[in-house]
Amino acid sequence: MNPPTTPDVLVVGGGIGGLAAAFALARKGLGVRVLERAKEFGEVGAGLQIAPNCTRILADYGLLDEARELGVLPDGMVMRDALDARELTRLDLRDLERRYGYPYLVIHRSDLHGIFLRACRRAGVELLTDRTVVDYRQDGDGARVVLADGRTERAPLVIAADGLHSVARRELVGDDVVSSDYVAYRAAVPIEQVRGNGVAEHDVTVYVGPRCHFVQYALRGGEMFNQVAVFESPKAKAGDPDWGTPDELDAAFGATCDPVRTGIPLMWRDRWWQMMDRDPVETWVHGRIALLGDAAHPPLQYMAQGAIMAIEDGWVLAEHAARLTGEGGLPQWDAALAAYQDVRVEHCRRVQTTARSWGDLWHLDGEARLRRNAVLRERATDDYAFTDWIYGPTALTPDREPPMFTPVPLAGARPEERPAR
Ligand code: FAD
């Protein structure tokens with residue numbers, strides 16, 4: 001049987017993006033129902049970095065204190081060379097907090113997901129599991145979803161927050177995921193297991209190396225240590241469908257410095273994540289169906305902004321829904337959806353494309369690696385030109401979107417190497 005009442009909004013997918021959007025809309029007084037295909041709500045994986053453009057929203061939601069308690073506020077973000085371990089550049093995260101007004105924190109994925117799940121329950125969101133959506137249909141001044149068991153559900157607005165392999169994206173856009181040929185291994189272990197390995201417990205450390213990188217930071221009040229090992233898979237390059245296997249992990253990090261190599265045996269070996277994104281698209285809103293989170297803009301993870309963008313999406317949509325109301329105080333959905341798409345598409349396109357080039361920069365080899373290292377070492381710790389466009393307040397309208405970082409020509413660069421103005 002179908003649930004008896006029609007909600008104002010149906011959200012497909014109860015990941016971080018779907019739950020955050022459901023909460024954002026419910027706190028504006030809307031009736032929201034979440035349909036999640038899994039038997040239980042939850043998150044697989046380890047840590048997430050949450051930058052000030054997201055902690056600002058958590059503060060607005062009254063959820064920042066809980067996130068601080070469950071997470072860790074690192075002192076610094078340090079980039080090192082993965083071959084010789086030398087420091088390349090650093091962000092002082094206390095100074096960064098002063099600049100942007102909100103902290104940079106790291107948190108276990110399941111803890112952030114749990115924060116939104118509890119917030120949804122308190123806000124009266126209807127949370128339904130074991131509901132796989134297989135089809136989407138426009139339906140007059142609303143939309144309808146079809147579930148795997150044949151039941152249908154309808155609402156004035158359907159939000160598809162069903163992730164990278166979104167059914168809605170396949171139906172509405174029809175594009176394919178883009179494989180990067182890189183794969184991620186993760187691990188979160190008790191901190192005692194890495195003490196003595198010379199790890200920096202109070203920093204986020206990123207070792208960048210030829211066709212690989214390695215990330216480390218503490219989680220859960222410092223009790224756990226999170227590691228992510230990412231590398232290019234030779235098997236993927238050769239077209240082998242079974243790529244990214246543990247033998248490739250060991251080989252990829254064989255020539256790296258001691259602090260990285262010591263971390264590799266701790267990685268989980270029963271599961272790995274082939275890294276994929278999609279090309280940006282300009283239309284996320286199709287009638288009364290709106291894409292959100294990874295369904296709309298899955299990035300490669302190099303900017304650590306994927307979950308953040310999903311959370312921003314929900315905040316922006318809810319702000320417009322609350323502002324643009326019509327009869328009976330209900331949102332004028334077409335206007336709110338247009339405003340959402342107007343501002344979010346360009347922001348997320350910038351993050352997606354920057355993430356791809358950021359990955360290229362991290363993974364350089366040979367001469368190019370040495371040149372990159374020299375340039376990064378020149379950066380002043382308090383130079384925020386790279387982060388202002390992303391860590392500032394989330395824009396509600398395109399005119400509030402900060403300009404992107406424009407590189408200044410390097411002293412001595414040939415004219416053709418200077419960026420066009
Ligand atoms: P998902 O998390 O994929 O959730 C989709 C949900 O929809 C799932 O619960 C799924 O079960 C459900 N679903 C799917 N299909 C259906 C269906 N047909 N019917 C019903 N339900 C369905 N981001 C950051 O901000 N910071 C980081 O530090 C960071 N690090 C990362 C590190 C790695 C290695 C990776 C791979 C990603 C990282 N990200 C990071 C990105 C981030 O994990 C994702 O962008 C984010 O989780 C996307 O959330 P989502 O809710 O849109 O999608």
Side-chain angles (χ1 to χ4, degrees), residues 13 15-17 43-51 79 82 106 109 161-166 169-170 173 175-188 204-217 226-254 256 260 263-264 266-281 293-310 348-365 390:
I16 288 171
E43 265 281 330
V44 188
L48 274 180
Q49 301 180 49
I50 297 298
M79 184 173 277
V106 289
R109 255 164 209 277
D162 51 346
L164 173 68
H165 299 287
S166 162
R169 175 85 175 224
R170 190 178 65 220
V173 182
D175 61 340
D176 282 326
V177 295
V178 178
S179 173
S180 68
D181 295 343
Y182 275 73
V183 60
Y185 279 68
R186 290 160 155 162
V204 174
T205 309
V206 184
Y207 291 91
V208 293
R211 294 169 295 285
C212 68
H213 74 264
F214 191 62
V215 183
Q216 296 181 310
Y217 51 84
N226 180 68
Q227 301 196 126
V228 188
V230 177
F231 63 89
E232 187 181 60
S233 156
K235 284 191 198 166
K237 298 233 80 85
D240 183 343
D242 181 25
W243 58 277
T245 44
D247 52 311
E248 292 199 298
L249 167 71
D250 294 324
F253 289 91
T256 53
V260 174
I264 296 298
L266 298 174
M267 305 314 295
W268 298 330
R269 281 164 187 257
D270 55 347
R271 180 136 197 224
W272 49 91
W273 285 262
Q274 297 174 340
M275 314 291 346
M276 297 176 189
D277 67 355
R278 288 178 188 265
D279 291 331
V281 286
D294 271 10
H297 45 71
L300 296 178
Q301 84 282 15
Y302 307 121
M303 303 273 294
Q305 285 280 321
I308 294 178
M309 287 192 287
C348 297
R349 184 195 67 77
R350 291 176 180 187
V351 176
Q352 281 179 288
T353 52
T354 307
R356 285 178 176 176
S357 13
W358 202 221
D360 292 342
L361 184 83
W362 283 14
H363 300 139
L364 291 174
D365 196 1
I390 189 136

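All of these numbers come straight from a predicted model, not from anything done at the bench.
Legend: residues meeting ring pair (Phe, Tyr, Trp, His ring centres under 6.0 Å) with Trp272, ordered by chain and number and at least two apart, are Tyr185. A search for side-chain hydrogen bond (donor to acceptor under 3.5 Å, both in side chains) contacts involving Asp360 returns nothing, not counting sequence neighbours. The salt bridge (charged side-chain N to carboxylate O under 4.0 Å, His left out) test applied to Arg186 returns no partner, not counting sequence neighbours. Applying the salt bridge (charged side-chain N to carboxylate O under 4.0 Å, His left out) test to Asp242 and every residue at least two apart in sequence or in another chain returns nothing. Residues forming a ring pair (Phe, Tyr, Trp, His ring centres under 6.0 Å) with Tyr302 (at least two apart in sequence, or on another chain): His213, Trp362, His363. In this view, Asp162 and Val12, Tyr136, Ala160, Ser166, Val167, Ala168, Ala295 satisfy the side chain to side chain contact (heavy atoms under 4.5 Å, CB included) rule, not counting sequence neighbours.
Panel note: side chain Gln274, backbone Ser179; no donor-acceptor pair is recorded below 3.5 Å. Using modelled atom types, one side-chain atom of Gln352 and one backbone atom of Arg278 make a donor-acceptor pair closer than 3.5 Å. With hydrogens and angles disregarded, a donor-acceptor distance shorter than 3.5 Å links the side chain of Gln227 to the backbone of Gly263. Under a 3.5 Å cut-off, the side chain of Tyr217 and the backbone N or O of Gly47 do form a donor-acceptor pair.
Taking CG of Asp294 as the reference point, atom SG of Cys348 lies at 10.0 Å (rounded to 0.5 Å). Between atom CD of residue Gln216 and atom CG of residue Leu266 there is a gap of 9.5 Å, rounded to the nearest 0.5 Å. Between the CD atom of Gln301 and the CD atom of Gln49 there is a distance of 10.0 Å, given to the nearest 0.5 Å.
With a 4.5 Å cut-off on side-chain heavy atoms, Val351 and His297 do not count as touching. Annotation: side chain of Asn226 is not in contact with side chain of Val106 (no heavy-atom distance under 4.5 Å). Side-chain contact between Asp279 and Arg356 is present, with at least one heavy-atom pair separated by less than 4.5 Å. With a 4.5 Å cut-off on side-chain heavy atoms, Val183 and Glu248 do not count as touching. For the pair Ile264/Thr256, no side-chain contact is recorded, criterion being any heavy-atom separation below 4.5 Å from C-beta on.
Considering all non-hydrogen atoms of both residues, Trp268 and Ala188 come closest at CZ2-N, 3.3 Å. Closest approach of Ala184 to Val228, counting heavy atoms only: CB-CG1, 4.3 Å. In plain terms, the two heavy atoms of Ser180 and Leu300 that are nearest each other are CB-CD2, 4.0 Å. Scanning all heavy atoms of the two residues, the minimum distance from Phe253 to Val230 falls at CZ-O, 3.5 Å. Shown here for Ala310 and Gly17, the closest heavy-atom pair between the two residues is CB-CA, 3.7 Å. Across Arg169 and Pro298, no two heavy atoms sit closer than the pair NH1-CD, 4.2 Å.
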**Asked** How far apart are the C-alpha atoms of Ile16 and Leu48, what are their side-chain angles, what is the distance that settles it, and do they pass the side chain to side chain contact (heavy atoms under 4.5 Å, CB included) test?
**Response** CA-CA 11 Å; Ile16 288 171; Leu48 274 180; 3.6 Å; yes

**Message:** Could you go through Thr354 and Gln305, starting from their C-alpha distance and side-chain angles, then the distance that decides it, and tell me whether this counts as side chain to side chain contact (heavy atoms under 4.5 Å, CB included)?
**Reply:** CA-CA 11 Å; Thr354 307; Gln305 285 280 321; over 6 Å; no

**Item:** Working for side chain to side chain contact (heavy atoms under 4.5 Å, CB included), residues Trp243 and Lys237
**Value:** CA-CA 9 Å; Trp243 58 277; Lys237 298 233 80 85; over 6 Å; no

**Request:** Determine, step by step, whether Lys235 and Asp247 satisfy the salt bridge (Lys or Arg N to Asp or Glu O under 4.0 Å) criterion, reporting the C-alpha distance in whole Å, the side-chain angles of both residues, the deciding distance to 0.1 Å, and the verdict.
**Result:** CA-CA 11 Å; Lys235 284 191 198 166; Asp247 52 311; 3.7 Å; yes

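A salt bridge links Asp250 and Arg269; the closest N-O separation between the charged side-chain nitrogens and carboxylate oxygens is under 4.0 Å.
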